[in-house]
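Report on the following structure.
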Amino acid sequence: MPLNHLIRDGDNPDITEERQKATFSTEELAIEIYGEPLAQRRREISAEVLKRPELLDDCPHVFLDRTTKVENSMKKTVAVMEKGSEICDFTSREELGHLVCEVFGDDGFPLSIHFVMFLPAIQGQADDEQAEQWIPRAMRLEFIGTYAQTELGHGTNLRALETTATYDKRTQEFILHTPTVSAYKWWPGNLGKTANYVIANAQLYIDGKSHGPHNFLVQIRDENTHQPMPGITVGDIGPKFGLNTNDNGFLRFDHVRIPRRNMLMRHSKVSADGVYSPPVHPKLSYGAMIFVRATMIRMLAHVVLKAATIAIRYSCVRRQGEIKTGNGEVKILEYQTQQHRLFTALARGFAYRLVGDEVKNLYEKIAEEVKHGNVEQLADLHALLSGMKSIVSYDSGKAIEQCRMACGGHGYSHASGIPEMYAVEIAGCTYEGENMVMLQQQARYLVKGIHRLAHGEELSTMLQYLANTSNNKFRIGESGVDLENALILALEYIARSTIERVTARLDSLQNKGLSAENAWNENAVELTRASRTHTRLWIARCFRDRVHRIENHAIRSALTDILELFLTYEVVDMSQYLYQGGYANSDQVAQVKDAMYKLLEKIRPNAVSYVDAYEVSDTELRSVLGRRDGNVYDNLLKWAKSNPLNRTEVLPAVEKHLMPMMLAAKSKL
Ligand SMILES: CCC/C=C/C(=O)SCCNC(=O)CCNC(=O)[C@H](O)C(C)(C)COP(=O)([O-])OP(=O)([O-])OC[C@H]1O[C@@H](n2cnc3c(N)ncnc32)[C@H](O)[C@@H]1OP(=O)([O-])[O-]
Ligand SMILES: Cc1cc2nc3c(=O)[nH]c(=O)nc-3n(C[C@H](O)[C@H](O)[C@H](O)COP(=O)(O)OP(=O)(O)OC[C@H]3O[C@@H](n4cnc5c(N)ncnc54)[C@H](O)[C@@H]3O)c2cc1C
């Protein structure tokens with residue numbers, strides 16, 4: 001019995017040959033990734049979707065204009081909501097998430113912000129009475145909500161948001177108002193045409209005193225007619241780089257009155273007579289962002305693994321050029337450069353996916369404590385997530401782009417599916433906090449760590465490596481030190497020395513009389529680098545620990561190859577830092593490179609099996625190049641022929657414009 005469970009008759013023999021080489025069971029790896037019974041449930045859900053035409057697209061979304069895309073996704077949403085519970089367990093986030101991926105692909109679920117931000121904001125920030133009143137209605141989809149925080153003029157600097165919520169003691173209402181054009185809400189997903197409620201973030205004013213940004217539930221459209229409510233101006237912001245099925249919107253409030261109890265009051269409160277009670281932690285109203293930052297890691301990893309699936313499968317059916325003259329054209333995956341591009345993307349995808357599980361678990365644990373008023377670990381969590389969302393979004397973007405380029409010309413075509421994936425994924429560098437800003441949030445925490453250490457104070461577990469000053473020479477190749485350990489220690493050194501160096505520069509500038517703010521700005525690039533090295537270390541350690549916990553020997557061994565490739569790639573990528581302080585010499589860095597190249601060779605026979613084990617169906621993948629059966633060329637031709645420009649032999653526009661020009665030119669002869 002072959003170990004790869006995706007072998008079928010009629011497949012391209014080049015891809016079948018790959019699957020026959022598997023040295024581990026792809027089903028067992030799928031179980032390791034998804035767990036039982038989810039691995040099996042995902043397959044059942046995928047099979048069920050295929051039987052229901054109302055859940056499938058009639059043609060690739062890239063052939064449609066925006067209005068048709070939006071309509072198509074709304075139609076499918078109704079089908080999912082009406083029949084979806086026959087296919088999956090709606091109470092399981094994982095099952096429902098998989099169904100949504102199958103039906104909508106990367107872009108276009110009109111309820112995404114409703115489920116990802118609007119509901120979590122209520123769940124985390126509404127008091128029990130409010131939650132009881134709003135959550136059941138929101139869950140039944142009696143209304144659709146979104147999260148309206150960003151404004152035309154400000155997205156990053158939340159303290160400068162201009163929308164106001166002024167308490168009117170007389171009527172016990174808040175008055176929501178947009179005082180300027182730059183105060184228009186701008187960007188909220190599904191706001192443009194879909195949502196009829198928002199969680200609006202606005203500056204709270206009581207008796208002329210500002211209490212900073214707070215969250216309010218505001219109805220923006222009539223529940224029966226969907227017309228804007230009085231005082232509301234709302235619409236779609238227009239086409240974007242990607243995510244064009246999503247109607248990101250704008251919104252203006254003109255003295256809109258809402259009841260006092262529409263302010264989310266779990267943490268901050270305003271009494272009927274206008275007395276304000278602050279939250280136990282000033283940033284608790286940022287909770288919905290924390291939730292998304294925690295959950296987006298897995299989502300970003302998922303896109304990388306989809307792009308890797310496409311590029312690796314395609315690289316096994318694409319033959320181009322010879323390695324040894326006269327021996328025939330080889331699969332492009334035989335080229336070391338191709339392996340380096342794709343297997344490192346695969347390794348990052350697996351690392352982020354598995355570490356994403358850990359981040360989600362950590363978030364859930366701390367969020368539960370916060371709900372009960374214990375905010376002790378919030379600073380650690382905020383710092384970790386600020387770094388994670390930045391590193392994973394940026395490095396995933398690079399990995400996806402490498403996958404696209406590795407498919408040559410066909411990668412540039414929407415038939416590959418990768419351009420759309422890139423456009424969707426790369427938005428993660430901007431939303432939920434622009435990366436440079438978030439890296440600096442984390443840097444504050446790291447600099448504080450060094451200062452605490454200098455004062456002999458205790459460090460959180462995440463920062464304890466900062467105290468390990470005896471780790472000052474690269475131990476690769478030493479007896480008793482395995483490759484993994486040597487590499488993790490090298491990453492620790494890189495992070496520690498980078499954070500120490502930039503903190504020393506900050507301190508020295510301040511000692512010379514520069515203000516803390518100016519000293520910070522003069523070191524901002526180095527501070528973001530310090531965050532990057534710290535986060536990459538955290539990911540590496542977490543991935544290593546996750547792989548070490550695997551009980552199934554064959555699967556642990558398969559993922560150890562991926563882990564080691566990940567570690568060697570990270571160390572090589574940051575090797576310039578190893579020379580600083582004389583930690584390593586060039587021979588040692590060359591040893592890491594050699595180990596990386598050997599791992600590429602080791603991974604090569606299993607390449608297709610790794611991505612097969614991740615089990616993304618053809619329906620979800622929406623890629624001609626990444627088809628499971630490897631039958632790429634016939635289907636590329638079909639895809640091209642089916643595009644709307646080919647509906648007529650002679651395009652009306654050609655007839656109308658170019659033909660008269662050419663005929664006129666001819667008649668002048
Ligand atoms: C599917 C996706 C759709 C997309 C949706 C969206 O994009 S929605 C829109 C998404 N929009 C965005 O993501 C907007 C991005 N912008 C922001 O999140 C904030 O404006 C900020 C964090 C950049 C600054 O905030 P600020 O000016 O209020 O604060 P400050 O810098 O003066 O720091 C003061 C202290 O607070 C700490 N602290 C800060 N945040 C948190 C937290 N969450 N928890 C705990 N702590 C936090 C910080 O560490 C510092 O601690 P220290 O050092 O004093 O001990
Ligand atoms: C696809 C998408 C979906 C979105 N969905 C939502 C949504 O549902 N709800 C919502 O409310 N918002 C949403 N947003 C908005 C998003 O959260 C903001 O765009 C994001 O937080 C960045 O803020 P900004 O646009 O103001 O960027 P800016 O802050 O203007 O960034 C521009 C540049 O200035 C730099 N910069 C800004 N401040 C600093 C600083 N202090 N230090 C150093 N550099 C700085 C940045 O690094 C960046 O290079 C969405 C955005 C996108 C792209």
Side-chain angles (χ1 to χ4, degrees), residues 114 117-119 121-138 142-151 158-186 188 191 195-234 249-279 282 284-288:
H114 179 82
M117 292 207 81
F118 178 77
L119 263 165
I122 296 178
Q123 282 157 344
Q125 295 172 45
D127 64 28
D128 290 345
E129 190 189 296
Q130 293 173 319
E132 208 174 298
Q133 194 186 341
W134 299 329
I135 292 176
R137 289 195 68 208
E142 285 180 31
F143 54 76
I144 298 171
T146 184
Y147 185 78
Q149 178 176 286
T150 306
E151 296 174 356
L158 299 181
R159 283 184 287 170
L161 291 178
E162 294 176 85
T163 306
T164 52
T166 308
Y167 188 58
D168 180 349
K169 270 187 227 169
R170 200 176 38 85
T171 60
Q172 297 185 14
E173 289 171 318
F174 290 103
I175 306 161
L176 272 283
H177 186 58
T178 304
T180 60
V181 171
S182 55
Y184 265 65
K185 292 293 175 191
W186 202 271
L191 167 67
N196 50 1
Y197 279 76
V198 297
I199 298 294
N201 197 270
Q203 303 285 353
L204 170 64
Y205 279 90
I206 306 171
D207 295 330
K209 182 171 185 271
S210 167
H211 294 277
H214 285 72
N215 285 321
F216 301 84
L217 180 78
V218 190
Q219 182 176 359
I220 57 161
R221 289 184 165 104
D222 186 279
E223 284 189 23
N224 298 313
T225 65
H226 210 62
Q227 290 291 336
M229 296 295 281
I232 296 288
T233 308
V234 60
F250 62 78
L251 171 67
R252 170 178 179 243
F253 302 104
D254 183 4
H255 298 96
V256 173
R257 286 180 170 267
I258 57 167
R260 177 182 67 93
R261 290 288 294 151
N262 275 28
M263 174 174 141
L264 273 58
M265 290 212 202
R266 173 173 288 278
H267 304 298
S268 331
K269 297 177 182 37
V270 175
S271 68
D273 53 356
V275 176
Y276 175 71
S277 321
L284 285 178
S285 67
Y286 295 176

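These numbers come from a predicted model, not from an experiment.
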Side chain of [X], backbone of [Y]: donor and acceptor closer than 3.5 Å?
X	Y	result
Thr178	Phe253	yes
His114	Gly145	yes
His214	Gly212	yes
His177	His255	yes
Lys185	Asn201	yes
Gln203	Leu161	yes

Partner set under ring-ring contact (aromatic ring centres under 6.0 Å, His included) for Trp186, not counting sequence neighbours:
Phe250
Taking ring-ring contact (aromatic ring centres under 6.0 Å, His included) as the test, write out the residues that go with Phe174, two or more places apart.
Tyr167, Phe216
In Å and rounded to the nearest 0.5 Å, what is the [atom1] to [atom2] distance from [X] to [Y]?
X	Y	atom1	atom2	value
Arg266	Asn215	CZ	CG	14.0 Å
Trp134	Gln123	CH2	CD	13.0 Å
Leu251	Ile220	CG	CD1	5.5 Å
Asp254	Ile232	CG	CD1	9.0 Å
Ser271	Gln172	OG	CD	9.0 Å

Within a strict 4.5 Å, meaning less than it, do heavy atoms of the [X] and [Y] side chains meet?
X	Y	result
Gln149	Leu158	yes
Ile135	Leu119	yes
Pro278	His211	no
Arg221	Gln227	no

Locate the shortest heavy-atom distance separating [X] from [Y]; write the atom from each residue and the value.
X	Y	result
Pro188	Ala148	CG-CA, 3.5 Å
Gly274	Val270	CA-CG1, 4.1 Å
Pro213	Ser285	O-OG, 3.6 Å
Ser268	Met263	O-CE, 3.5 Å
Ile122	Ala131	CG2-CA, 4.5 Å

For [X], all residues meeting side chain to side chain contact (heavy atoms under 4.5 Å, CB included), sequence neighbours excluded:
X	result
Glu142	Arg137, Arg140
Glu173	Thr171, Arg257
Asp222	Asn224, Thr225, Met229
Asp127	Glu129, Gln130, Arg261, Met265

Using a strict threshold of under 4.0 Å (side-chain N to carboxylate O), is an ion pair present between Asp168 and Arg260?
no
What verdict does the side chain to side chain contact (heavy atoms under 4.5 Å, CB included) test give for Val198 and Leu191, after you've listed the backbone C-alpha separation in whole Å, the side-chain angles of each residue and the deciding distance to 0.1 Å?
CA-CA 8 Å; Val198 297; Leu191 167 67; 3.8 Å; yes
Start with the C-alpha gap between Thr166 and Ile206, add the side-chain angles, then the distance that decides, and say whether side chain to side chain contact (heavy atoms under 4.5 Å, CB included) holds.
CA-CA 6 Å; Thr166 308; Ile206 306 171; over 6 Å; no
Decide side chain to side chain contact (heavy atoms under 4.5 Å, CB included) for Thr146 and Phe118; before the verdict, give the C-alpha distance in whole Å, the side-chain angles of both, and the deciding distance to 0.1 Å.
CA-CA 5 Å; Thr146 184; Phe118 178 77; 5.6 Å; no
Does a donor on one side chain and an acceptor on the other come within less than 3.5 Å for Thr163 and Glu151?
yes
Evaluate the side chain to side chain contact (heavy atoms under 4.5 Å, CB included) criterion for residues Ile258 and Leu176: first the C-alpha distance (whole Å), next the side-chain angles of each, then the deciding distance (0.1 Å), finally the verdict.
CA-CA 8 Å; Ile258 57 167; Leu176 272 283; 3.6 Å; yes
Take the angle between the ring planes of Phe143 and Tyr197 and call it parallel below 30°, perpendicular above 60°, tilted in between.
tilted
